[in-house]
Amino acid sequence: MDYSIARRRMVEQQIIAREVEDPRVIDAMLQVPRHLFVESGLQSHAYSDASLPIGEKQTISQPYMVAAMTAALELRGGERILEIGTGSGYQTAILSLLVKRVYSIERIPLLAGRARKVLDQLCLSNVNIKVADGTIGWQDQAPFDGILVAAGAPDIPNEYLAQLETGGRLVLPVGDRHQQILMRVTRLEDGSLKREQLMGCRFVPLIGEQAWKADFPG
Ligand code: SAM
């Protein structure tokens with residue numbers, strides 16, 4: 001299978017056609033070999049318009065959602081970004097091409113380890129990954145120019161707002177365990193917060209001290 005053709009088709013049909021216009025985001029989506037972030041048996045589906053299982057009951061996000069969330073951060077280059085939910089590392093790789101440094105937190109050690117390996121294989125060296133509860137952010141490294149949360153939260157954890165730089169944007173799904181609204185919160189120059197609802201979405205739950213409990217059924 002020619003993955004570069006599949007990748008170009010993915011970008012044209014799933015990203016550009018749905019009006020993600022940021023040329024830097026489009027370029028990053030064209031560059032990152034998504035098939036390396038999924039299990040070998042699923043590689044032929046890596047460029048399909050869907051999220052896919054990555055083990056541990058978790059998923060690699062749908063390509064469109066990765067592009068839309070990245071575009072919503074309105075990155076210009078030079079930013080320090082906090083990502084919660086490394087998962088496969090695919091979103092991390094996209095961000096790493098667009099910013100100065102990515103700080104990514106994953107609660108499941110196996111996934112963090114696998115993501116690290118693929119990112120190293122691709123020589124993406126501007127990424128720090130930590131295994132921890134990401135609902136309390138990464139206090140030692142705050143504040144961040146952008147925060148991207150790739151799991152659904154019941155509410156916006158206070159620490160994310162506390163760790164957001166002036167002018168910075170927080171993008172996260174907020175809702176119940178099964179469906180959410182993708183929200184963007186911007187810290188304006190006067191310190192106030194602007195909240196926007198971007199679209200409906202479905203993410204696995206954000207599990208931790210400031211979100212859902214791990215033993216919740218379903
Ligand atoms: N964007 C990722 C990708 O493209 O592969 C997919 C992320 S997956 C939808 C959500 C991830 O969030 C899972 O790997 C899950 O283990 C992780 N997660 C859930 N709660 C977390 C928490 N409190 N801290 C860190 N990671 C968490």
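The basis for the numbers below is simple: all heavy atoms, side chains too, and nothing from hydrogens, waters or symmetry mates. Order of appearance sets the numbers: ligands from 1, and atoms from 1 within every ligand. Residues take their numbers from the sequence shown, with the count starting at 1.
Of the N or O atoms in Ala151, none lie within a sub-3.5 Å distance of an N or O in ligand 1. An N or O contact shorter than 3.5 Å is missing between Glu83 and ligand 1 by distance.
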* Asked: Are Gln210 and Glu159 close enough, and set up right, to give a side chain to side chain contact (heavy atoms under 4.5 Å, CB included), and what steps lead you there?
  -> CA-CA 9 Å; Gln210 301 297 318; Glu159 274 300 325; 5.7 Å; no
* Asked: Would Asp27 and Gln31 satisfy side chain to side chain donor-acceptor pair (under 3.5 Å), going step by step from the backbone distance to the final call?
  -> CA-CA 6 Å; Asp27 191 48; Gln31 281 188 56; 3.1 Å; yes
* **Test log, rule side chain to side chain donor-acceptor pair (under 3.5 Å), inputs Glu83 and Thr92** => CA-CA 7 Å; Glu83 179 193 36; Thr92 321; 2.7 Å; yes
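Nearest protein neighbour of atom 3 (C) of ligand 1, counting heavy atoms only, is Ser88 OG, 3.5 Å. Protein heavy atom nearest atom 6 (C) of ligand 1, with residue, atom name and distance: Thr59 O, 3.1 Å. The nearest heavy-atom contact from the protein to atom 19 (C) of ligand 1 is Pro205 O, 3.6 Å. For atom 7 (C) of ligand 1, the nearest non-hydrogen atom of the protein is Gly85 O, 3.5 Å. Counting protein heavy atoms only, atom 20 (N) of ligand 1 is closest to Ile207 N, 3.0 Å. Here the protein heavy atom with the shortest distance to atom 13 (C) of ligand 1 is Gln58 OE1, 3.2 Å. Looking at atom 2 (C) of ligand 1, its nearest protein heavy atom turns out to be Thr86 O, 3.7 Å. For atom 4 (O) of ligand 1, the nearest protein heavy atom (residue, atom name, distance) is Ser61 N, 3.4 Å.
At a heavy-atom distance under 4.0 Å, atoms from both the backbone and the side chain of Ile60 approach ligand 1. When heavy-atom distances to ligand 1 are checked against a 4.0 Å cut-off, Ala211 has no atom that comes that close, whether in backbone or side chain. With a 4.0 Å heavy-atom cut-off, ligand 1 is reached by no atom of Ser51. Residue-level proximity to ligand 1 for Leu206 is carried by backbone and side chain together, each with a heavy atom below 4.0 angstrom. Here Thr92 has no heavy atoms under 4.0 Å from ligand 1, in either its backbone or its side chain.
A distance of 4.0 Å separates CG of Asp49 from CZ of Arg18, quoted to the nearest 0.5 Å. How far CG of Leu42 is from CD1 of Ile60: 10.0 Å, rounded to the nearest 0.5 Å.
Which of Gln62, Arg107, Glu106 comes nearest to atom 16 (O) of ligand 1 through a heavy atom is settled by distance: it is Glu106.
Ligand 1 places these atoms under 4.0 Å from at least one heavy atom of Leu111: 14 (O). For ligand 1, the atoms lying closer than 4.0 Å to a non-hydrogen atom of Ala150 are 1 (N), 7 (C), 8 (S), 9 (C), 10 (C). Residue Gly134 approaches ligand 1 through these ligand atoms, each under 4.0 Å from one of its heavy atoms: 22 (C), 23 (N), 24 (N), 25 (C). Which parts of ligand 1 touch Ile105 is read off a 4.0 Å heavy-atom cut-off, strictly below it: atoms 25 (C), 26 (N). Set against the non-hydrogen atoms of Thr135, the atoms of ligand 1 under 4.0 Å away are 23 (N). Interface of Ala132 with ligand 1, defined as ligand atoms under 4.0 Å from a residue heavy atom, comprises 24 (N), 25 (C). Of all atoms in ligand 1, listed by their number and element, those nearer than 4.0 Å to a heavy atom of Ile108 are 16 (O). Using a 4.0 Å cut-off to heavy atoms of Asp133, the atoms of ligand 1 that qualify are 23 (N), 24 (N).
No side-chain heavy atom of Leu52 sits under 4.5 Å from any side-chain heavy atom of Thr59. Residues Leu161 and Val185 form a side-chain contact, since some pair of their non-hydrogen atoms from C-beta on lies under 4.5 Å apart. Using a 4.5 Å heavy-atom threshold, the side chains of Leu82 and Gln141 count as separate. Here the side chains of Val149 and Tyr160 are in contact, with some heavy-atom distance below 4.5 Å.
Of all non-hydrogen atoms in Pro63 and Arg34, the two that sit nearest each other are CD-NH2, 3.4 Å. For the pair Arg24 and Leu97, the tightest heavy-atom approach, listed with the atom from each and the gap, is NH2-O, 4.4 Å.
Residues meeting the ring-ring contact (aromatic ring centres under 6.0 Å, His included) test with Tyr90, sequence neighbours left out: Phe37.
In this structure, Ile54 does not count as a contact residue of ligand 1, since none of its heavy atoms falls inside 4.0 Å of the ligand. Heavy-atom separations between Ala115 and ligand 1 are all 4.0 Å or longer.
Gln163 places a side-chain N or O within donor-acceptor distance of the main-chain N or O of Ile136, the cut-off being under 3.5 Å.
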Show the atom names and distances, to 0.1 Å, of all donor-acceptor pairs under 3.5 Å that link a side chain in residues 64-79 to residues at least two apart or in another chain.
unit_1: Thr70; atom_1: OG1; unit_2: Val66; atom_2: O; d: 2.6
unit_1: Thr70; atom_1: OG1; unit_2: Gln91; atom_2: NE2; d: 2.8
unit_1: Glu74; atom_1: OE1; unit_2: Arg169; atom_2: NH2; d: 3.1
unit_1: Glu74; atom_1: OE2; unit_2: Arg184; atom_2: NH1; d: 3.1
unit_1: Glu79; atom_1: OE1; unit_2: Gly77; atom_2: N; d: 2.9
unit_1: Glu79; atom_1: OE2; unit_2: Arg76; atom_2: N; d: 2.7

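Heavy atoms from other residues, nucleotides or ligands lying under 6.0 Å from CD of Gln121 number more than 12.
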